[in-house]
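Only one structure is covered here, and it is reproduced in the block below.
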Amino acid sequence: MIDDVEHILISEQEIQQRVQELAGQIEADYAGKDLLMVGLLKGAVTFMVDLARAMDRPVAVDFMAVSSYGASTESSGVVRFLKDLDESIEGKHVLVIEDIVDSGLTLQYILEILRQRKPASLRVCVLLDKKERRQVDIPMHYVGFTVPDAFVVGYGLDFDQIYRNLPFVGVLKPEIYESTLPDASSSAEAG
Ligand code: PRP
């Protein structure tokens, strides 16, 4: 698996250090309030679990799963619901956890749905911000790292469901995705 990685973009140590920092910020910001972390399956799971474990306070967790219609390397903004939350979020302090924001279309859709459910507050914590590819403005309160427009995998992010369990974030070798996705060379979304 590691042989398919061109280079490591963010090391395991850098990720863990940043997770600790973010957890500290979140703990301080939500002091005295209940906190519900909503993870977007599947990419956010690794980040969310590490983040929650880095906090010395009660944290409730729930999950949503959506899937983008259309070409596999481009977010179309048309989203299919695969799994909804188990519990109501009305009156709760909700922190959405995401592994990567690319076009922003997935998160825009999710946030609109969650807003309609009247949470007490709604914020976003994202590990990787691929700013260059943003199509819509997304309010992001906690950001781990800004990353270039490269095909990144690891620490939850996949290509073809592989590489999620790498402990670092790396750039995939082009030959891995070019053979599978002929249109992928100009678009560097993974995760
Ligand atoms: C990835 C990622 C975000 C979305 C970002 O999910 O986890 O949800 O794409 O892209 P966008 O900002 O352009 O909408 P993916 O569909 O790969 O699912 P996964 O989390 O199961 O890997």
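Note that ligands are numbered from 1 as they come in the structure, with each ligand's atoms numbered from 1 the same way.
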Problem set entry | Flag for Glu21-Gln17: side-chain donor and acceptor within less than 3.5 Å | yes

Exercise. Any chance the side chains of Glu112 and Gln116 put a donor and an acceptor closer than 3.5 Å?
Worked result: yes

Exercise. Do other residues, nucleotides or ligands put more than 12 heavy atoms under 6.0 Å from Lys118 NZ?
Worked result: no

Exercise. Do other residues, nucleotides or ligands put more than 12 heavy atoms under 6.0 Å from Ile2 CD1?
Worked result: no

With a 4.0 Å heavy-atom cut-off (strictly under), which part of [X] contacts ligand 1: side chain, backbone, both or neither?
X	result
Gln108	neither
Glu98	side chain
Thr106	both

Problem set entry | Those residues that, when tested against Ala120, pass side-chain contact (heavy atoms from CB on, under 4.5 Å) (two or more places apart) | His93

Close-contact set for ligand 1 against [X] heavy atoms, below 4.0 Å:
X	answer
Asp99	2 (C), 7 (O)
Ile100	2 (C), 3 (C), 5 (C)
Gly43	19 (P), 20 (O), 21 (O)
Leu41	20 (O), 21 (O)
Lys42	19 (P), 20 (O), 21 (O)
Asp158	22 (O)
Ser103	11 (P), 12 (O), 13 (O), 14 (O)

Exercise. Can any side-chain N or O of Asp129 pair as donor or acceptor with the backbone N or O of Val143 at less than 3.5 Å?
Worked result: no

For this session: Could you establish whether Arg134 and ligand 1 come within less than 4.0 Å of each other, counting only heavy atoms on the residue side?
Result: no

Exercise. Has Leu107 got any heavy atom lying under 4.0 angstrom from an atom of ligand 1?
Worked result: no

Exercise. So, is Gly104 polar-close to ligand 1, with some N/O to N/O distance under 3.5 Å?
Worked result: yes

Seminar exercise, completed: Checking Asp160, Leu166, Asp158 against Val153 for side-chain contact (heavy atoms from CB on, under 4.5 Å), the one that qualifies is Leu166

For this session: Please say which of Val101, Thr146, Ile10, Asp99 ends up in a side-chain contact (heavy atoms from CB on, under 4.5 Å) with Leu128.
Result: Ile10

Problem set entry | Sequence-distant partners of Asp34, side chain to side chain donor-acceptor pair (under 3.5 Å), two or more places apart | none

